[in-house]
Amino acid sequence: PFLLMRSLVAFAALAAAPALAQHPVAQLNAGMHLIRAEVVSDPGTRAQGLMYRKSMAQNAGMLFIFDEAAVHCMWMKNTLIPLSVAFIDDRGAIVNVEDMEPQTEASHCAAQPVRYALEMNRGWFAARGVKPGSRLGGIPGVK
């Protein structure tokens with residue numbers, strides 16, 4: 001009976017916890033650096049982004065795919081971890097990288113029209129020498 005009760009309590013706690021959305025994953029690369037990127041490509045999942053997460057694995061990120069190339073902007077409302085965002089053009093080349101502070105509403109924008117943005121833990125790009133002009137491989141839709 002005790003084991004059954006403990007299992008029921010654990011199940012109830014899991015059922016009450018907000019589920020983290022399961023997004024498709026793309027294996028990207030920046031030169032020799034591999035990235036496991038969750039892919040968000042519709043307005044709802046893009047708006048949610050990495051909100052409310054408390055951590056992210058070292059080589060993990062989130063790839064935002066926009067419907068069309070434009071000067072897209074990101075913000076950190078309800079985002080708890082510091083991030084860097086790379087804005088990426090149709091060829092997979094990084095246009096600019098911006099560092100972002102958690103839980104702020106400051107806009108961080110692409111320097112020119114882009115279709116993609118990749119959020120990683122803050123400083124990830126700089127620590128690996130990945131900068132504007134660097135190309136990323138594995139982005140869905142980029143040849």
Side-chain angles (χ1 to χ4, degrees), residues 3 5-143:
L3 183 59
M5 179 59 115
R6 207 164 99 195
S7 296
L8 287 173
V9 169
F11 178 75
L14 283 174
L20 286 178
Q22 296 288 24
H23 304 294
V25 173
Q27 179 79 35
L28 308 181
N29 69 288
M32 67 179 195
H33 305 288
L34 298 179
I35 302 164
R36 181 187 182 279
E38 294 177 55
V39 178
V40 291
S41 58
D42 64 72
T45 57
R46 287 193 307 256
Q48 178 73 32
L50 291 166
M51 285 182 178
Y52 307 110
R53 298 205 193 175
K54 295 185 175 138
S55 65
M56 188 164 57
Q58 182 178 358
N59 292 311
M62 181 168 279
L63 178 67
F64 294 75
I65 301 177
F66 299 102
D67 297 332
E68 58 188 39
V71 176
H72 296 286
C73 298
M74 311 295 273
W75 67 341
M76 297 285 285
K77 183 177 181 177
N78 300 318
T79 305
L80 308 175
I81 51 180
L83 299 171
S84 293
V85 59
F87 293 99
I88 305 160
D89 70 16
D90 285 339
R91 300 175 305 114
I94 295 175
V95 171
N96 60 306
V97 176
E98 300 289 326
D99 290 333
M100 303 186 293
E101 290 294 324
Q103 302 191 66
T104 61
E105 294 185 21
S107 289
H108 302 275
C109 301
Q112 65 188 49
V114 297
R115 277 222 41 226
Y116 309 95
L118 176 63
E119 289 181 341
M120 300 290 290
N121 285 310
R122 187 165 173 179
W124 189 94
F125 299 102
R128 290 157 184 81
V130 178
K131 54 189 182 262
S134 298
R135 288 188 64 158
L136 299 180
I139 295 175
V142 174
K143 299 194 180 4

Taking all non-hydrogen atoms of both residues, which atom of [X] and which atom of [Y] are closest, and how far apart?
X    : Y    : result
A57  : N121 : O-ND2, 3.1 Å
A93  : G133 : CB-O, 4.4 Å
V71  : C109 : CG1-CB, 4.3 Å
P102 : P82  : CG-N, 3.6 Å
P113 : A69  : CB-C, 4.1 Å

Donor-acceptor check, side chain of [X] to backbone of [Y], threshold 3.5 angstrom: yes or no?
X    : Y   : result
D89  : G92 : yes
R135 : R91 : yes
N59  : R36 : no
R115 : F66 : yes

**Asked** When the ring planes of H33 and W124 are compared, do they come out parallel, tilted or perpendicular, using 30° and 60° as the limits?
**Response**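 Because their plane-to-plane angle is over 60°, the rings of H33 and W124 count as perpendicular.
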To the nearest 0.5 Å, how far apart are [atom1] in [X] and [atom2] in [Y]?
X    : Y    : atom1 : atom2 : result
I81  : M120 : CD1   : CE    : 10.5 Å
L34  : L28  : CG    : CG    : 9.5 Å
N96  : Q112 : CG    : CD    : 8.0 Å
R46  : H72  : CZ    : NE2   : 7.5 Å
L83  : M56  : CG    : CE    : 5.0 Å
F125 : E119 : CZ    : CD    : 9.0 Å

**Request:** Could you walk me through whether M74 and E98 pass side chain to side chain contact (heavy atoms under 4.5 Å, CB included), step by step?
**Result:** CA-CA 10 Å; M74 311 295 273; E98 300 289 326; over 6 Å; no
**Partner residues of S134 under the side chain to side chain contact (heavy atoms under 4.5 Å, CB included) criterion, sequence neighbours left out** = I94, V130, K131
**Prompt:** So does Q27 have more than 12 non-hydrogen atoms from other groups sitting under 6.0 Å from CD?
**Reply:**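 Yes, CD of Q27 has more than 12 neighbouring heavy atoms, counting only those of other groups under 6.0 Å.
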**Request:** Determine the sole option in L80, T79, N78 for which the side-chain contact (heavy atoms from CB on, under 4.5 Å) test with Q103 is passed.
**Result:** L80
**Request:** Could you point out which residue of I88, V40, V39 forms a side-chain contact (heavy atoms from CB on, under 4.5 Å) with F64?
**Result:** V40
**Prompt:** side chain to side chain contact (heavy atoms under 4.5 Å, CB included) between E101 and R122: does it pass, once the steps are laid out?
**Reply:** CA-CA 9 Å; E101 290 294 324; R122 187 165 173 179; 2.3 Å; yes
**Request:** Go through L136 and Y116 one step at a time and tell me if the side chain to side chain contact (heavy atoms under 4.5 Å, CB included) criterion holds.
**Result:** CA-CA 11 Å; L136 299 180; Y116 309 95; over 6 Å; no
